Amino acid sequence: MYIKDLSGFEGQEVTLKGWVANRRDSKGLVFINLRDGSGVCQCIADATKISENDFECAGKLGLESAVEITGTVVKDERQIGGFEVHVSKLNVYQYAEEYPIAKKEHGIEFLMDKRHLWLRSQRQWAILRIRNTIIYSIHQFFQKEGFVQMDAPVFTGNACEGTTNLFETDFYGDPAYLSQSGQLYGEAMAMAFGKIYTFGPTFRAEKSKTRRHLSEFWMIEPEMAFFDIHQNMDLIESFLQYVIKEVLDKCQNELQLIDRNTDILKTSLKPFPRLTYDEAVAIIKGEKDVNGVNSIKSLEEELAKVEAAITTTIAEIADREAKIAVPGMKKGEINFNQNKIATLKNDLKELEEQQRNIPTWIASAKNFEYGNDLGGSDETVITRLFDVPIMVYDWPHEVKAFYLKRNPDNPRFARGVDVLAPEGYGEIVGGGERETDEMKLREKITEHELPMEAFEWYLDLRKYGSVPHAGFGLGLERLVTWLCQLKHVRESIPFPRMYGRLLP
RNA sequence: UCCUUGAUAGCUCAGCUGGUUAGAGCGAGUGACUGUUAAUCACUAGGUCCCUGGUUCGAGCCCAGGUCAGGGAGCCA
């Protein structure tokens with residue numbers, strides 16, 4: 001019996017097994033918010049209706065104690081699920097004492113240290129359930145489209161884009177690297193099965209401390225024989241829209257719990273604009289407007305808004321502090337104001353962070369040098385102007401990977417494509433059409449100073465039935481982060497591995 | 001690797017210009033209260049002020065070096 005199914009049992013006696021999410025006492029009454037993984041339900045132990053022993057047990061339950069509760073399902077409009085349980089019998093599996101995560105705001109370092117327990121909180125529960133729906137819908141989409149799921153190895157002997165950010169391990173005495181992409185193997189498998197996708201862990205030893213980096217993350221890499229870059233973009237669009245639609249359909253409750261405004265998810269079901277690198281650069285530098293909005297001007301307006309918000313926040317903090325200072329205020333009201341002040345101060349910190357960042361973003365957008373890759377801030381600048389993900393393709397070949405095909409009409413450009421998520425989330429997909437010519441690949445490998453012998457197997461693919469093909473890589477955690485509108489990728493995976501974080 | 005912000009009670013934070021015995025709320029413990037939703041109210045316990053060195057009659061506060069963490073850049077999905 002699970003809490004999510006209670007509505008079908010009104011008036012009947014049921015038995016629930018779960019954990020105490022919250023408990024409140026009154027004389028003769030104990031309120032227990034029971035959490036069982038499927039949902040939360042309030043259970044009421046009334047001293048006049050259960051045994052003396054059971055009532056005493058109920059009063060001793062600390063947060064996250066494990067219990068089995070038997071009781072009657074009663075309709076109650078005040079409850080979230082619309083039902084509560086009137087306890088008739090209580091069986092305690094374990095009394096928990098001093099649960100470290102309090103019913104209050106905590107700092108991120110503390111919560112990450114307690115990640116194994118933090119997972120139990122409602123917000124984390126909702127996010128990771130959405131992650132599950134995303135994973136399931138990814139498999140559904142590709143299976144329906146006739147793709148075969150194939151696994152690339154995790155240990156690799158060669159790097160596809162240099163070795164500086166690879167984790168090195170010992171493989172029977174030889175150096176081996178943890179995979180930073182299954183792409184080259186994906187190409188080999190596509191030549192055998194036509195359309196394949198890999199779904200596995202990926203490792204990058206980047207000493208990055210930003211909101212969009214993990215050292216270990218999950219990547220989906222489809223690879224399709226006989227696809228060009230435009231077919232690739234068509235596939236990316238229908239794929240992402242399928243996943244978004246599934247999340248909207250199946251996760252209403254979870255999206256509500258995390259307070260996700262779904263407007264942009266809905267507008268993302270319309271076609272994704274496809275911009276060339278040249279067009280994207282013009283927009284970033286403010287030379288070209290999008291629907292009458294200029295990137296630089298809108299950033300400057302944003303900065304002005306942030307500065308105005310800082311002024312009003314400071315004023316409100318001072319105001320509330322003055323109010324508390326006046327004697328005679330009730331304790332509850334003082335608490336309320338102090339909590340409010342704490343929240344405002346946190347807001348203020350974030351606003352000040354933005355106040356420092358935005359001017360550097362404006363500068364970097366204005367001074368963007370044609371021919372460079374887009375930086376994190378450039379992605380933020382351009383995606384703020386759209387209410388849909390955008391696709392940027394045809395990149396200067398120097399900044400992209402060696403295996404990408406050149407545009408036959410203009411060989412300065414490589415046929416790579418990046419998908420940038422709206423709301424400032426940036427790159428979630430990177431892909432493109434692959435080079436099919438063996439000699440051109442050899443030139444590129446030499447140019448990138450990569451060890452040729454490690455790529456001989458890959459070059460075989462161009463000797464034996466080389467065909468046009470394309471593919472892409474989607475960072476699962478970045479997609480989860482965007483769809484859930486999280487501030488940081490670390491909440492999009494149960495146990496994040498990142499620079500400085502190996503436990504728990 | 002660079003820029004930037006920070007580290008004070010179990011947690012979240014105050015601590016003014018360097019000055020006697022270090023403060024609040026939450027959490028914990030005890031008690032009160034029969035409908036609470038982070039319940040409320042009263043009382044109690046709880047401190048290596050991140051580390052090392054320096055300046056000073058005196059350092060939580062100033063200086064130097066380090067450690068750890070937050071945010072950003074580079075790099076990337």
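Below, chains carry the letters A, B, ... as their sequence lines are ordered, and counting in each starts from 1. For clarity, every value in this text was computed on a predicted model and none was experimentally measured.
If you check every strand for non-hydrogen atoms under 4.0 Å, A:Asn33 touches nothing. Residue-level contact check: A:Gly107 touches the backbone only, with heavy atoms under 4.0 Å from sugar-phosphate atoms and none from bases. Within 4.0 Å of A:Leu214, counting heavy atoms only, lies at least one base atom of the nucleic acid. Nucleic acid contact class of A:Phe217 (heavy atoms, under 4.0 Å, all strands): base. At the heavy-atom level, A:Leu476 lies nowhere under 4.0 Å from the strands shown. At the heavy-atom level, A:Leu29 lies under 4.0 Å from base atoms of the strands shown. Counting any heavy atom pair closer than 4.0 Å across all strands shown, A:Asp25 reaches a base atom. As judged by a 4.0 angstrom heavy-atom cut-off over every strand, A:Gly62 is placed among residues making no nucleic acid contact. At the heavy-atom level, A:Gln122 lies nowhere under 4.0 Å from the strands shown. Base engagement by A:Thr48 is indicated by at least one non-hydrogen atom pair under 4.0 Å involving a base atom. Within the 4.0 angstrom heavy-atom criterion, no nucleotide atom of any strand lies near A:Glu97. Among the atoms of the strands shown, only primed sugar atoms or phosphate atoms (P, OP1, OP2) are found under 4.0 Å from some heavy atom of A:Gly500. As judged by a 4.0 angstrom heavy-atom cut-off over every strand, A:Gln79 is placed among the base-contacting residues.
The local environment of NZ in A:Lys49 is sparse, with at most 12 non-hydrogen atoms from other residues, nucleotides or ligands closer than 6.0 Å. With a 6.0 Å radius and a threshold of 12 heavy atoms from other residues, nucleotides or ligands, A:Glu97 has its CD atom at or below the threshold. Few gaps surround CD on A:Glu168; more than 12 heavy atoms of other groups in view lie less than 6.0 Å from it.
Comparing the P positions of B:rA59 and B:rG53 gives a spacing of 14 Å, expressed to the nearest Å. One C1' atom belongs to B:rC61, the other to B:rG19, and the distance between them is 11 Å to the nearest Å. For B:rC41 and B:rU37, the P atoms lie 11 Å apart once the distance is rounded to whole Å. Comparing B:rU40 with B:rC26, their C1' atoms sit 14 Å apart, to the nearest whole Å. Nucleotides B:rA32 and B:rU36 have their C1' atoms positioned 16 Å apart, rounded to a whole Å. To the nearest whole angstrom, the two C1' atoms, one in B:rG15 and one in B:rA24, are 11 Å apart. Annotation: B:rC33 and B:rU17 have their C1' atoms spaced 49 Å apart (nearest Å). Nucleotides B:rC3 and B:rA9 are separated by 29 Å at their P atoms, to the nearest Å.
For A:Trp395 and B:rA77, the CH2 to C1' distance is 13 Å, given to the nearest whole Å. Between the P atom of B:rG71 and the CD1 atom of A:Ile358 lies a distance of 17 Å, rounded to the nearest Å. In this structure, NE2 of A:His86 is placed 12 Å from C1' of B:rU36, rounded to the nearest angstrom. Straight-line distance from the CZ atom of A:Phe110 to the P atom of B:rA9: 12 Å, rounded to whole Å. Computed from coordinates, the A:Lys27 NZ to B:rA42 P distance equals 20 Å when rounded to whole Å. Per the geometry, CG belonging to A:Asp373 stands 12 Å off C1' belonging to B:rA77, to the nearest Å. As a whole-Å value, the separation of A:Tyr499 OH from B:rG70 C1' is 14 Å. Residue A:Ile50 contributes atom CD1, which lies 14 Å from atom C1' of B:rU34 at whole-angstrom precision.
Ring centroid separation for the pair A:His116 and A:Phe495 does not come in under the 6.0 Å cut-off. Between A:Tyr403 and A:Tyr458, a ring centre-to-centre spacing not shorter than 6.0 Å is recorded.
One finds no side-chain N or O of A:Lys209 lying less than 4.0 angstrom from the OP1 or OP2 phosphate oxygen of B:rG72. Within the 4.0 Å cut-off from OP1 or OP2 of B:rA39, at least one side-chain nitrogen or oxygen of A:Arg24 is found.
The nucleotide whose nearest atom lies closest to any side-chain atom of A:Ser26 is, among B:rC33, B:rA77, B:rC11, B:rC33. Here the nucleotide nearest the side chain of A:Asn22, chosen from B:rA39, B:rC76, B:rU36, is B:rA39. Nearest nucleotide to the A:Glu109 side chain, out of B:rG35, B:rC68, B:rA77: B:rC68. For A:Glu379, whose side chain is taken as the heavy atoms from C-beta onward, the closest listed nucleotide among B:rG35, B:rC76, B:rC75 is B:rC76. When distances run from any side-chain atom of A:Met219 to the nucleotides B:rC76, B:rG72, B:rA77, the shortest one goes to B:rA77. Listed nucleotides B:rG35, B:rG70, B:rC76 differ in distance to A:Ile108; the shortest reach to its side chain belongs to B:rG70.
Of all the residues in residues 488-495 of chain A, A:His488, A:Arg490 reach under 4.0 Å from RNA chain B with at least one non-hydrogen atom.
No donor-acceptor contact under 3.5 Å links the side chain of A:Glu98 to the base of B:rG29. For A:His213 against B:rC76, a side-chain-to-base donor-acceptor contact under 3.5 Å is present. In this model, no side-chain donor or acceptor of A:Glu206 finds a partner on the base of B:rU1 within 3.5 Å.
Nearest-nucleotide positions on RNA chain B for A:Asn357 and A:Val429 put A:Asn357 closer to the 5' end. Residues A:Arg501 and A:Ser215 both approach RNA chain B. Their nearest nucleotides, taken by heavy-atom distance, put A:Arg501 toward the 5′ side.
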Steps toward ring pair (Phe, Tyr, Trp, His ring centres under 6.0 Å) verdict (A:Tyr499, A:His213): CA-CA 9 Å; A:Tyr499 185 52; A:His213 285 89; over 10 Å; no
Check against ring pair (Phe, Tyr, Trp, His ring centres under 6.0 Å), A:Phe386 and A:Phe272: CA-CA 10 Å; A:Phe386 294 88; A:Phe272 299 174; over 10 Å; no
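In RNA chain B, the stems built from three or more successive Watson-Crick or G-U pairs (distances below 3.5 Å) are B:1-7 with B:67-73, B:10-13 with B:23-26, B:28-32 with B:40-44, B:50-54 with B:62-66.
Side-chain atoms of A:Ser51 come within 3.5 Å of backbone atoms of A:Asp54 as a donor-acceptor pair (strictly under, hydrogens ignored).
Between the side chains of A:Gln149 and A:Asp151, a donor-acceptor pair is found at a separation under 3.5 Å. Side-chain atoms of A:Ser88 and A:Thr70 include no donor-acceptor pair closer than 3.5 Å.
In this pair, A:Phe472 and A:Phe239 present their aromatic rings tilted. The plane angle is within the 30 to 60° band.
The only member of A:Tyr136, A:Tyr242, A:Phe147 that meets ring pair (Phe, Tyr, Trp, His ring centres under 6.0 Å) when paired with A:Phe141 is A:Tyr242. Each of A:Glu187, A:Arg434, A:Glu435 was scored for a side-chain hydrogen bond (donor to acceptor under 3.5 Å, both in side chains) with A:His469, with one residue passing: A:Glu187.
With values rounded to the nearest 0.5 angstrom, A:Arg212 atom CZ is found 15.0 Å from A:Glu477 atom CD.
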